[in-house]
Amino acid sequence: MALARIARSSLKRSGGTTGYYTSEKDMLSEGLSTRKFSSPSLENVKVGDNLSYLSSIRRVNQMSFGSRGISVTPQYQCPAPLRIVEESDTECDNPRYPGLEETKPGEKPRVVVLGTGWAACRFLKGLDTKIYDVVCISPRNHMVFTPLLASTCVGTLEFRSVAEPVSRIQSAMAKDPNSYFYLASCTGIDADKHEVYCETVGNVGLPYDPYRFKVAYDKLVIAAGAEPLTFGIKGVKEHAFFLREVNHAQEIRKKLLLNLMLSENPGISEDEKKRLLHCVVIGGGPTGVEFSGELSDFIMRDVSERYSHVKDYIRVTLIEANEILSSFDVGLRQYATNHLTKSGVRLMRGVVKEVHAKKLVLNDGTDVPYGLLVWSTGVGPSQFVKSLGLPASPGGRIGVDEWMRVPSVEDVFALGDCAGFLEQTGRQVLPALAQVAERQGKYLVDLFNRVGKQNGGKALSAKDIPLGEPFVYKHLGSMATVGRYKALVDLRQSKDAKGISLAGFLSWMIWRSAYLTRVISWRNRFYVAINWATTLVFGRDNSRIG
């Protein structure tokens with residue numbers, strides 16, 4: 001009976017096939033460290049004792065799952081009574097992740113990329129897959145062309161025009177036998193073991209929820225992006241819309257059109273119509289200004305024709321604590337202010353104190369009722385980046401040296417919005433801009449291809465290989481549209497430098513031409529050009545789908 005209790009206790013700790021994932025959850029919550037349990041000593045157990053209870057414990061067969069290349073290492077549930085002590089601390093209590101094991105001699109080195117933003121996709125596009133196998137892990141399977149995202153909210157562009165599938169950017173992940181894309185979020189990194197730990201997105205019907213796995217790497221590139229800054233203001237996450245993903249733009253569009261249609265219902269009071277049709281944008285950076293410009297253009301060209309009953313109620317308010325477009329030339333800022341005001345956008349100076357379901361409150365006590373609230377106040381480090389425990393640059397990003405390496409660990413690189421130069425490098429942290437991320441991706445892929453040709457692709461094999469010139473960023477200028485065929489082009493290399501500054505219709509043509517050439521694929525360039533042409537001829541579509 002005592003032996004039976006010991007066996008039950010051992011089984012309870014190992015958890016059977018169900019406890020396997022329970023233990024995984026516990027392991028993750030403790031920083032991906034292995035849990036240790038003490039078990040009673042069985043040194044005095046005789047083989048001839050009654051062990052019928054233990055003899056029924058079976059070995060779990062190897063399991064295969066739907067994702068290519070993922071299999072589970074056989075789990076032992078104490079297969080024999082004399083092996084309980086021997087195996088309880090290794091096989092029974094230490095769950096093993098399914099996943100990709102480390103590469104073997106003779107195999108190509110594996111590069112794991114976290115993210116599908118500007119930096120990650122520029123890196124993926126140029127990586128030489130004759131040298132490397134590549135695994136990309138991200139909660140989305142596409143890159144978003146963010147400069148044109150605001151146009152999708154009002155129907156100027158279709159959503160697919162700004163989304164580029166990752167498999168089109170790097171075809172090896174769809175074709176090569178040892179390269180993959182995994183739709184998942186990274187939950188942790190073990191730099192000593194050269195492994196990343198991942199969790200699939202949402203409840204998608206896999207055998208276990210959440211489904212977790214690991215991927216071993218030779219080189220790791222962290223390009224996980226950033227999160228919108230809310231400054232801890234109460235109610236922002238619950239009531240405001242952000243504008244960084246395609247699904248954000250879809251939700252904004254649905255809310256905007258819903259409010260337009262609801263305001264026409266009989267019995268709606270004047271005050272309620274004004275609230276429903278008041279669109280408030282927080283943040284006077286390029287994204288906030290471009291969205292305000294697109295929205296005012298939509299109101300003047302399309303709402304006045306198709307929602308004539310409520311056209312006099314809809315209005316746009318842009319709230320900024322300081323000056324709009326603070327990184328642009330003074331003359332361009334003044335031009336943008338004048339143009340937006342003429343287009344019906346109300347500019348307000350203020351700081352948001354708290355956000356409620358139907359109104360926001362400024363620091364001076366002013367109440368601002370709204371029907372649609374879009375939050376665009378910049379970005380900061382994500383919770384994932386903060387959880388890694390890596391050295392941080394000023395501002396909380398992952399600290400890197402001049403070659404985009406994370407100095408404290410081997411074979412780990414970081415770039416894009418999640419990375420910043422360490423203070424000891426003497427360099428300033430670069431702004432969270434698409435062109436910064438893209439240039440970093442281009443630099444790092446050239447470095448990887450050069451190191452790979454010198455047999456430095458495997459883990460811990462590039463220590464003696466020269467990395468070449470460090471990364472140097474040269475600003476190419478800034479552009480922003482303000483609606484009604486007007487835009488700003490600032491070609492200065494820095495805020496205080498001299499250079500060419502343009503505003504007006506010519507700048508709008510330059511803005512459109514430049515971004516059309518920067519769209520990654522010819523397919524999406526065709527989509528964008530056709531969308532612009534149909535909008536010009538037929539106006540924007542106002543169908544609310546979903």
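In this text the structure is predicted, and so the values were computed from the model without any measurement.
- In this structure, a donor-acceptor pair under 3.5 Å is absent between the side chains of N247 and E251.
- Around CG of L536, the count of heavy atoms belonging to other residues, nucleotides or ligands within 6.0 Å exceeds 12.
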*I would like to know whether Y370 and V355 meet side chain to side chain contact (heavy atoms under 4.5 Å, CB included); could you show each step before the answer?*
CA-CA 10 Å; Y370 68 86; V355 177; 3.7 Å; yes
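- When every heavy atom of L332 is checked against every heavy atom of A503, the shortest pair comes out as CD2-CB, 3.7 Å.
- In this structure, F231 places its CZ atom where more than 12 heavy-atom neighbours from other residues, nucleotides or ligands lie under 6.0 Å away.
- Here the CZ-CG distance, from R405 to L467, works out to 5.0 Å after rounding to the nearest 0.5 Å.
- The CD1 atom of I324 sits 12.0 Å away from the CG atom of N322 when rounded to the nearest 0.5 Å.
- Ion pairing between D297 and R484 fails under the 4.0 Å rule for side-chain N and carboxylate O.
- Crowding of R346 atom CZ: a count of heavy atoms from other residues, nucleotides or ligands under 6.0 Å not exceeding 12.
- For the pair Y180 (side chain) and A174 (backbone), a donor-acceptor distance under 3.5 Å is absent.
- Between L360 and I282, some side-chain heavy-atom pair lies under the 4.5 Å cut-off.
- The CD1 atom of I510 sits 11.5 Å away from atom CG of L488, with the distance rounded to the nearest 0.5 Å.
- Nearest heavy atom pair, residue R244 against residue T146, reads O-CG2, 4.2 Å.
- R315 places no side-chain N or O within 3.5 Å of a backbone atom of L277 that could act as its donor or acceptor partner.
- The backbone N or O of R160 sits nowhere less than 3.5 Å from a side-chain atom of Y527 that would complete a donor-acceptor pair.
- In this structure, a donor-acceptor pair under 3.5 Å is present between the side chains of Y313 and E270.
- Counted by atom type alone, D271 and S269 present zero donor-acceptor pairs between their side chains at under 3.5 Å.
- Atom CD of E264 is surrounded by more than 12 heavy atoms from other residues, nucleotides or ligands within 6.0 Å.
- Judged by distance alone, with hydrogens and angles left aside, the side-chain atoms of R140 form a donor-acceptor pair with the main-chain N or O of H142 at under 3.5 Å.
- Judged by distance alone, with hydrogens and angles left aside, the side-chain atoms of D367 form no donor-acceptor pair with the main-chain N or O of V361 at under 3.5 Å.
- Taking the charged nitrogens against the carboxylate oxygens, R492 and D490 do have a contact shorter than 4.0 Å, which makes a salt bridge.
- Distance check: I131 CD1 to D133 CG gives 11.5 Å after rounding to the nearest 0.5 Å.
- The environment of CZ in R306 is crowded: more than 12 heavy-atom neighbours from other residues, nucleotides or ligands sit within 6.0 Å.
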*Could you walk me through whether V528 and R525 pass the side chain to side chain contact (heavy atoms under 4.5 Å, CB included) test, one step at a time?*
CA-CA 5 Å; V528 169; R525 290 174 194 169; 5.8 Å; no
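- Within 6.0 Å of CE in M509 there are 12 or fewer heavy atoms belonging to other residues, nucleotides or ligands.
- Contact of the L388 side chain with the I222 side chain is registered, since non-hydrogen atoms from C-beta on lie closer than 4.5 Å.
- We find the CG-CG distance between D411 and L220 to be 9.0 Å, quoted to the nearest 0.5 Å.
- Remark: side-chain polar atoms of N259 are paired, donor with acceptor, to backbone N or O of L276 under 3.5 angstrom.
- Within the 3.5 Å criterion, the main-chain N or O of W532 finds no donor-acceptor partner in the side chain of T535.
- Of the possible donor and acceptor atoms, one in the side chain of Q170 sits under 3.5 Å from a partner among the backbone N and O of A172.
- Taking the ring axis of F298 as reference, the NZ or CZ atom of R540 does not stay both within 45° of it and closer than 6.0 Å to the ring centre.
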_Derivation and outcome, side chain to side chain contact (heavy atoms under 4.5 Å, CB included), residues L373 and F241_ = CA-CA 6 Å; L373 177 62; F241 292 91; 5.7 Å; no
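- Ring-plane geometry between F448 and F413 is classed as perpendicular, the angle between the planes exceeding 60 degrees on a 0 to 90 degree scale with a lower cut at 30.
- Two residues are said to be in side-chain contact when any heavy atoms from C-beta on lie closer than 4.5 Å; S185 and V201 meet this criterion.
- A salt bridge between D446 and K442 is present, with a side-chain N of the basic residue lying under 4.0 Å from a carboxylate O of the acidic one.
- Within the 4.5 Å cutoff, side-chain heavy atoms of Y307 are placed close to those of L257.
- W511 has its ring centre less than 6.0 Å from the ring centre of Y515.
- In this structure, the side chains of F145 and N524 stay at 4.5 Å or more apart for every pair of heavy atoms.
- The 12-atom threshold is exceeded at CD of E354, counting heavy atoms of other residues, nucleotides or ligands nearer than 6.0 Å.
- Contact annotation: the side chain of V144 approaches that of E245 to within less than 4.5 Å [non-hydrogen atoms, C-beta and beyond].
- When all heavy atoms are compared, the tightest approach of W375 to A240 is CB-CB, 4.0 Å.
- When side chains are defined from C-beta on, D302 does not count as touching V154, because their heavy atoms never get closer than 4.5 Å.
- A donor-acceptor pair under 3.5 Å is absent between the side-chain atoms of T425 and the main chain of E402, judged by distance alone.
- The closest side-chain heavy-atom distance from C153 to L256 is not below 4.5 Å.
- With no hydrogens or angles considered, a side-chain donor-acceptor pair links S521 and E164 at under 3.5 Å.
- Annotation for A336 and V482: closest pair CB-CG1, 4.1 Å, computed over non-hydrogen atoms.
- Separation of atoms CD (E290) and CG (L325) is listed at 8.5 Å; rounding is to 0.5 Å.
- Within the 3.5 Å criterion, the main-chain N or O of Y217 finds no donor-acceptor partner in the side chain of R110.
- When all heavy atoms of V280 and P369 are compared, the pair lying nearest together is CG2-O, 4.3 Å.
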*For F242 and V236, run side chain to side chain contact (heavy atoms under 4.5 Å, CB included): C-alpha distance rounded to whole Å, both residues' side-chain angles, the deciding distance at 0.1 Å, then the answer.*
CA-CA 10 Å; F242 302 105; V236 174; 4.1 Å; yes
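- In terms of heavy-atom proximity, L430 sits nearest to Q440 at CD1-NE2, 3.9 Å.
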